[in-house]
There are 2 protein chains.
Amino acid sequence: MENTNICPVDYVVDLISGKWKVLIIWNLKFGKKRFGQLQRILTGISKKVLSQHLKELENSGLIIRTVIPSIPVQVEYSLTERGMELSAILEEINQFGAILLKGPTVPKS
Amino acid sequence: MENTNICPVDYVVDLISGKWKVLIIWNLKFGKKRFGQLQRILTGISKKVLSQHLKELENSGLIIRTVIPSIPVQVEYSLTERGMELSAILEEINQFGAILLKGPTVPKS
DNA sequence: CGGCATCCTTACTGATACTG
DNA sequence: CAGTATCAGTAAGGATGCCG
């Protein structure tokens with residue numbers, strides 16, 4: 001997750017390389033979600049890893065963290081404009097990946 | 001690098017998530033390269049890691065490995081059709097990443 | 001020259017318990 | 001509820017040497 005790259009592509013790939021980052025962004029596309037909701041959706045993720053990834057995505061300017069000072073506290077996460085743009089790219093990647101998954105592993109070039 | 005995903009996006013992200021995968025594809029875009037060439041271009045990569053990544057990219061159907069049976073042997077790597085398609089997506093990601101790198105880390109949403 | 005085998009180090013991920 | 005702290009396991013990455 002360390003990023004000492006000069007290359008923008010590597011930078012973005014690092015942003016979404018975590019085991020769960022893509023899934024988080026993917027889910028936030030459909031509207032804001034609370035911490036607990038995300039944890040339930042991303043079956044198996046631990047609180048530590050989730051908050052860690054959320055923090056990284058926030059630092060990258062891809063998501064926004066909103067604290068609702070109720071008791072007990074609620075925290076909502078949603079995509080920023082940039083997060084939206086990224087999820088559009090993820091859509092394309094999705095198309096591409098779907099084709100790869102259907103076809104043979106090593107097609108003739 | 002393990003891939004038990006159902007999601008095509010994760011699948012593709014896994015394909016390019018290695019520390020050097022993107023750089024390898026990026027370089028092969030400009031024509032086929034030999035093992036030694038790649039090792040020189042990707043400053044700091046070890047032979048083990050390079051061959052490991054090349055093998056994974058080959059298994060993914062993104063690059064082609066061609067052995068030239070001279071003495072000593074030569075091996076050339078080049079992109080497949082799919083590798084080309086992927087590099088097109090990488091171009092887009094590059095645009096996006098460049099913007100992220102220029103702008104502030106956390107822009108207002 | 002290309003690349004596999006071995007060993008070692010580090011980074012990532014996870015389970016659990018505890019706090020505001 | 002939404003985290004942080006600590007401890008532990010696993011997997012990726014790297015250094016080096018050997019082989020066809």
Side-chain angles (χ1 to χ4, degrees), chain A residues 1-5 7 10-25 27-28 31-60 63-78, chain B residues 1-5 7 10-25 27-28 31-60 63-78:
Chain A
M1 226 64 68
E2 181 65 38
N3 190 10
T4 38
N5 299 316
C7 171
D10 276 336
Y11 178 73
V12 175
V13 170
D14 280 349
L15 290 187
I16 59 179
S17 282
K19 191 174 178 181
W20 305 93
K21 295 242 181 74
V22 167
L23 283 172
I24 294 172
I25 296 173
N27 276 288
L28 290 182
K32 56 190 175 190
K33 295 268 187 310
R34 288 176 47 190
F35 188 92
Q37 285 184 287
L38 285 172
Q39 200 180 2
R40 252 168 281 125
I41 296 169
L42 310 176
T43 321
I45 195 171
S46 69
K47 284 188 291 183
K48 176 192 154 191
V49 174
L50 177 56
S51 69
Q52 193 174 283
H53 283 177
L54 287 171
K55 198 180 295 175
E56 285 170 21
L57 289 170
E58 192 192 359
N59 290 337
S60 310
I63 68 174
I64 285 282
R65 179 175 178 274
T66 312
V67 180
I68 300 164
S70 54
I71 297 175
V73 243
Q74 288 183 204
V75 182
E76 286 179 345
Y77 293 90
S78 55
Chain B
M1 226 65 69
E2 182 65 36
N3 190 11
T4 37
N5 299 315
C7 171
D10 276 336
Y11 178 74
V12 174
V13 170
D14 279 350
L15 291 187
I16 59 179
S17 282
K19 192 173 179 182
W20 305 93
K21 296 242 181 73
V22 167
L23 283 173
I24 294 172
I25 296 173
N27 275 288
L28 290 182
K32 57 189 174 190
K33 295 268 187 308
R34 289 175 49 191
F35 188 91
Q37 285 184 287
L38 285 172
Q39 200 179 2
R40 254 167 280 126
I41 295 169
L42 309 176
T43 321
I45 195 173
S46 69
K47 285 188 292 182
K48 176 195 155 190
V49 175
L50 178 55
S51 69
Q52 192 174 282
H53 283 177
L54 286 170
K55 196 181 297 174
E56 284 170 23
L57 290 170
E58 192 193 357
N59 290 337
S60 310
I63 67 174
I64 286 281
R65 180 176 178 275
T66 312
V67 180
I68 301 164
S70 54
I71 298 174
V73 248
Q74 289 183 206
V75 183
E76 286 180 345
Y77 293 91
S78 54

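Only this structure's heavy atoms are used, side chains among them; waters, hydrogens and symmetry mates stay out. Protein chains get the first letters and strands the later ones, always in sequence-line order, with residue 1 at the start of each. A quick note: this is a predicted structure, and the numbers were derived from the prediction, not measured.
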Non-hydrogen side-chain atoms of A:R65 and A:L54 separated by less than 4.5 Å | no
For B:I16 and D:dA12, what is the distance between atoms CD1 and C1' respectively, to the nearest whole Å?
-> 17 Å
Between atom CZ in A:R65 and atom C1' in D:dC1, what is the gap in whole Å?
-> 12 Å
Does some side-chain heavy atom of A:I63 sit less than 4.5 Å from a side-chain heavy atom of A:L28?
-> yes
How many Å lie between CD on B:Q52 and P on D:dG13, as a whole number?
-> 7 Å
Report yes if at least one side-chain N or O of B:R34 is closer than 4.0 Å to OP1 or OP2 of C:dC1; otherwise report no.
-> no
Does the pair B:E76/B:R34 count as a salt bridge with the N-to-O cut at 4.0 Å?
-> no
Go through residues 68-77 of chain B and report each residue with a non-hydrogen atom lying under 4.0 Å from DNA chain D, sorted by number.
-> B:V73
Between B:K19 and C:dA11, does any side-chain N or O lie under 4.0 Å from OP1 or OP2?
-> no
pair B:I24-B:L42: side-chain heavy atoms closer than 4.5 Å | yes
Heavy-atom side-chain proximity of A:L15 to A:K21 below 4.5 angstrom | no
Value in whole Å for how far the P atom of D:dA12 lies from CD of B:E56 | 8 Å
Separation of A:H53 atom NE2 from D:dT4 atom P, in whole Å?
-> 14 Å
Measure the distance from NZ on A:K55 to P on C:dT13 and round it to the nearest whole Å.
-> 15 Å
Could you check if a side-chain atom of A:V73 sits within less than 4.5 angstrom of a side-chain atom of A:V67, using non-hydrogen atoms only?
-> yes
For atom CD of B:E58 and atom C1' of C:dC4, their distance in whole Å | 15 Å
Under 3.5 Å, side chain of A:E58 to main-chain N/O of A:K55, donor-acceptor pair present?
-> no
Which of residues 35-50 of chain B have a heavy atom under 4.0 Å from DNA chain C?
-> B:F35, B:G36, B:K47, B:K48
Without swapping roles, check the side chain of A:E56 against the backbone of A:H53 for a donor-acceptor pair under 3.5 Å.
-> no
Identify every side-chain donor-acceptor pair in residues 43-52 of chain B under 3.5 Å, counting partners at least two apart or on other chains, and give the distances.
residue : atom : partner : partner atom : Å
B:T43   : OG1  : B:I41   : O            : 3.4
B:S46   : OG   : B:V49   : N            : 3.3
B:S51   : OG   : B:K47   : O            : 3.3
B:S51   : OG   : B:K48   : O            : 3.1

